[in-house]
J.: 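What follows is a structure written as structure tokens; I'll ask about it next.
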Amino acid sequence: MNSWRWVFIAFVFLTFLRSGSSSIENFRQAFPIVEPDSGHTKLRLSREGLEAIERITTPISAVAVIGPYRSGKSFLLNQLLSLSCYEGFGVGHMRDTKTKGIWVWGTPLELVIDGVNTSVLYLDTEGFESVGKSNVYDDRIFALATVMSSVLIYNLAETIREADISRLSFAVELAEEFYGRLKNSLVKGQDVAFEPAKLLWLIQRDFLQGKSVQEMVYESLQQVPNYDGDKNIAQVNQIRDYLAIMGDNSTAFSLPQPHLQRTKLCDLKDNELDPSYVTKREQLKDLVASIIRPKVVQGKTLTGKQFVSFLEQILEALNKGEIPSTGSLVEVFNKGILERCLKLYNQRMDKLHLPLSEQSLQREHDESRQDAMEAFDKQHFGRHHAKRSVDALHEEVQKIYKNFVLANEYQSSMLCEALYTKCEDKMDHLQVLRLPSMAKFNAGFLQCNQSFEENCVGPSKTRFEQRMMKMMGKSRSLFIKEYNHRLFNWLVAFSLVMVVVGRFFIKFIMLEIAAWVLFIFLETYTRMFWSAEALYYNPAWHFIVATWEMLVYSPILDLDRWAIPICVMIIALVIYWRCCARRKNGSPWVLPVYNSHKGGSRPRSD
């Protein structure tokens, strides 16, 4: 019982591994890669067909056949692949179309193109104008086949109708958007980001009435007179003009009918088909092989997985709007270029050392944006619809620039705030100088103001300049108000100190008398005969202020800083003079001093 259980577990495990590796055993069959949705208006991917493509590791090229329904597209592909109707693509003979969406032959044809092993996929598309479908759905099928393929075979029966030319509007618009860029890239030796499919007009007709198929196509593309200004005729004529311009990207080929009994074609062998048809069929194979090239997107060939990823992007773009447009495809191709240009703009702006002045930041922004736009102009795709991508680039650049503006405002605010705080601290320090000095205050005031003007940059400068003016004006007014009062008090204190020094230290009577005169003058005369305002405006006071400023502060000596060390040195010198020098010399003072009484005279009383 246990052995059977283990066998069952092993069987389940192997089945899981097998299903995880690949759900397809036989790739020699056709697979759907794109299917219609339930409303038959938009397209969706088919996982089964994508799996068949993803396994390819060599560069991919694709041949797609488009045309009206029941025009023999599936039979033509089987002929190109040398397959019977029972092996290859399904062939229908009923009124409704056999192929739904886009199908791929699971085993690619291996060719060597320009020395590179290339896997050529053959794509069968749903026919146009079949019952139960909208024109928008046909446009999406046509658009997707145009973008996916390297060679686009336009399969037409008997002749080229006006409706057949109108069907090429999307292909022409797409080629017109990209073809000019392609030629410029080839001339300049640059990488090709997207090469439009080569258009092959395939006319299945037995008699061309003495004309070559190329002449028939040429005549069909001639302008139709439009005397009444009909919009539809004008649109078709414009398509004719574009197709004529694209002449080197298109060719024409005629293919006779393989047999009169078309319903029995799948049962006929080559020796039963019209010999001229067999000959022309082989020539068509050689023609397709000669013009096919690997699919190139963004300068690189595509492997299976890359081709599927590319297909997903294109399908998303085509399904985005109600009607498929080249503008949506242009956006897909320009998306990577736009991201690189934004990165270029970002890298240049990141090198800036914020904060900067608004003018400097705007100038750097303009130059960086110009570089990004020039890079985009050199690389972008699309002539007319590229404007959306240009607008998107402008919009994204502006978003990034707004972030830099905000960062610049923040950095500017932080820097100016720090400078403002530093100046505020310095003004507070100058307010409490031990020896008040107007010259020192003015020097600090100018230095602080100059430092702020030089270093504060950016959008916050104007706001902080106003704060600085208010703060420094207030500090200046307060300093001037306190300055005269503190200087007056210092002079009073200085006169008393000189009295003490002249009386007890150096005993110089003239110094003591001068100090007393100064003290009495400051404390009595000024209070009795002058008001404070009159004193401060008196020329004598100005002389005193000038003398004080000269003593207290100069660029060479800042007395406020060195006052205490100098006083200590003077006291030390006086003590040395009193204690040491007099003892050595034994001589009296040379200046008039208080002499002691000698020779018995009565000493001076206190």
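In this text, all values refer to a predicted model and were calculated from it rather than measured experimentally.
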J.: Test of understanding: with ring pair (Phe, Tyr, Trp, His ring centres under 6.0 Å), list the residues that count as partners of W201, not counting sequence neighbours.
T.: Y154
J.: Does any N or O in the side chain of R463 come within less than 3.5 Å of the main-chain N or O of S460, such that one atom is a donor and the other an acceptor?
T.: no
J.: Would D366 and R363 pass as an ion pair if we require N to O under 4.0 Å?
T.: no
J.: Answer yes or no: is there an ion pair linking K73 with D124, defined by an N-O contact shorter than 4.0 Å?
T.: no
J.: Donor-acceptor pairs are to be reported for all side-chain atoms of residues 56-66 against protein atoms at under 3.5 Å, with residues two or more places apart or in another chain.
T.:
| residue | atom | partner | partner atom | Å |
| --- | --- | --- | --- | --- |
| T58 | OG1 | S119 | OG | 2.5 |
| S61 | OG | S150 | OG | 3.1 |
| S61 | OG | R293 | O | 2.7 |

J.: Working to the nearest 0.5 angstrom, can you tell me the gap between E367 CD and Q370 CD?
T.: 9.5 Å
J.: Could you tell me whether the side chain of Y345 reaches within less than 4.5 Å of the side chain of I400, counting heavy atoms only?
T.: yes
J.: Could you go through the side-chain contact (heavy atoms from CB on, under 4.5 Å) check for L80 and Y122 one step at a time?
T.: CA-CA 9 Å; L80 294 176; Y122 282 82; 4.2 Å; yes
J.: Heavy atoms only: give me the nearest L352-L361 pair and the separation to one decimal.
T.: CD1-CD1, 4.0 Å
J.: To the nearest 0.5 angstrom, please state how far the CG atom of L342 sits from the CZ atom of R369.
T.: 13.0 Å
J.: For Q362 and Y401, does a side-chain donor sit closer than 3.5 Å to a side-chain acceptor?
T.: yes
J.: Taking the side chain from S451 and the backbone from Q447, do they hold a donor-acceptor pair closer than 3.5 Å?
T.: no
J.: Salt-bridged, R47 to E54, with N to O below 4.0 Å?
T.: yes
J.: Is L200 close to L152 at the side-chain level, that is, under 4.5 Å between some pair of heavy atoms?
T.: no
J.: Flag the pair L76 / L202 as yes when at least one side-chain heavy-atom distance between them is below 4.5 Å, and no otherwise.
T.: yes
J.: Quick check on Y410: does its OH atom have over 12 non-hydrogen neighbours (other residues, nucleotides or ligands) under 6.0 Å away?
T.: no
J.: How about I33 and L123: do any of their side-chain heavy atoms sit closer than 4.5 Å?
T.: yes
J.: What do the steps show when you test S250 against K198 for side-chain contact (heavy atoms from CB on, under 4.5 Å), and what is the final call?
T.: CA-CA 5 Å; S250 63; K198 292 187 178 297; over 6 Å; no
J.: Looking only at heavy atoms, which two atoms of P108 and L121 are closest? And how far apart?
T.: CB-CD2, 3.8 Å
J.: Taking the side chain as every heavy atom from C-beta outward, state whether V217 and F253 have any pair of such atoms under 4.5 Å apart.
T.: no
J.: Calculate, to the nearest 0.5 Å, the distance between atoms OG1 and CD belonging to T107 and Q29 respectively.
T.: 8.5 Å
J.: List the steps, then state whether side-chain contact (heavy atoms from CB on, under 4.5 Å) holds for H365 with V397.
T.: CA-CA 9 Å; H365 160 67; V397 165; 3.7 Å; yes
J.: Any side-chain heavy-atom pair from E35 and K100 closer than 4.5 angstrom?
T.: no
J.: Going through the distances and angles, do V112 and T118 end up as a side-chain contact (heavy atoms from CB on, under 4.5 Å)?
T.: CA-CA 6 Å; V112 178; T118 305; over 6 Å; no
J.: Give me the atom names and distance for the closest heavy-atom approach of R467 to Y420.
T.: NH2-CE2, 3.3 Å
J.: Compare every heavy atom of S149 with every heavy atom of K295, then report the nearest pair and how far apart it is.
T.: NZ-O, 3.0 Å
J.: Show your reasoning for whether salt bridge (Lys or Arg N to Asp or Glu O under 4.0 Å) applies to D164 and R161.
T.: CA-CA 5 Å; D164 299 329; R161 303 171 301 165; 3.0 Å; yes
J.: Please round to the nearest 0.5 Å and tell me the distance separating atom CE of M373 and atom OG of S368.
T.: 13.5 Å
J.: Check each of E454, E417, E453 against K461 using the salt bridge (charged side-chain N to carboxylate O under 4.0 Å, His left out) test, and report the only one that passes.
T.: E453
J.: Do L311 and M148 have side chains that get closer than 4.5 Å, going by heavy atoms?
T.: yes
J.: Working to the nearest 0.5 angstrom, can you tell me the gap between S360 OG and H353 NE2?
T.: 13.5 Å
J.: Mind listing the closest non-hydrogen atom pair of E409 and P459 along with its distance?
T.: CG-CG, 3.4 Å
J.: Sub-3.5 Å donor-acceptor pair from the side chain of N449 to the main-chain atoms of L446, do we have one?
T.: no
J.: Quick one, V34 and R44 - any side-chain contact, counting heavy atoms below 4.5 Å?
T.: no
J.: Enter the distance from F464:CZ to F452:CZ here, rounded to the nearest 0.5 Å.
T.: 7.0 Å
J.: Search all heavy atoms of P355 against all heavy atoms of L415 and return the closest pair with its distance.
T.: CG-CD2, 3.8 Å
J.: Whether the S412 and N408 side chains hold a donor-acceptor pair (N or O, under 3.5 Å, no angle test) is what I'd like checked.
T.: no
J.: Does either side chain, that of Q204 or that of N155, offer a donor lying less than 3.5 Å from an acceptor on the other one?
T.: yes
J.: With a 3.5 Å cut-off and no angle check, do the side chains of Q306 and K300 form a donor-acceptor pair?
T.: no
J.: So, using ring pair (Phe, Tyr, Trp, His ring centres under 6.0 Å) as the criterion, who are the partners of F89 when residues are at least two apart?
T.: none
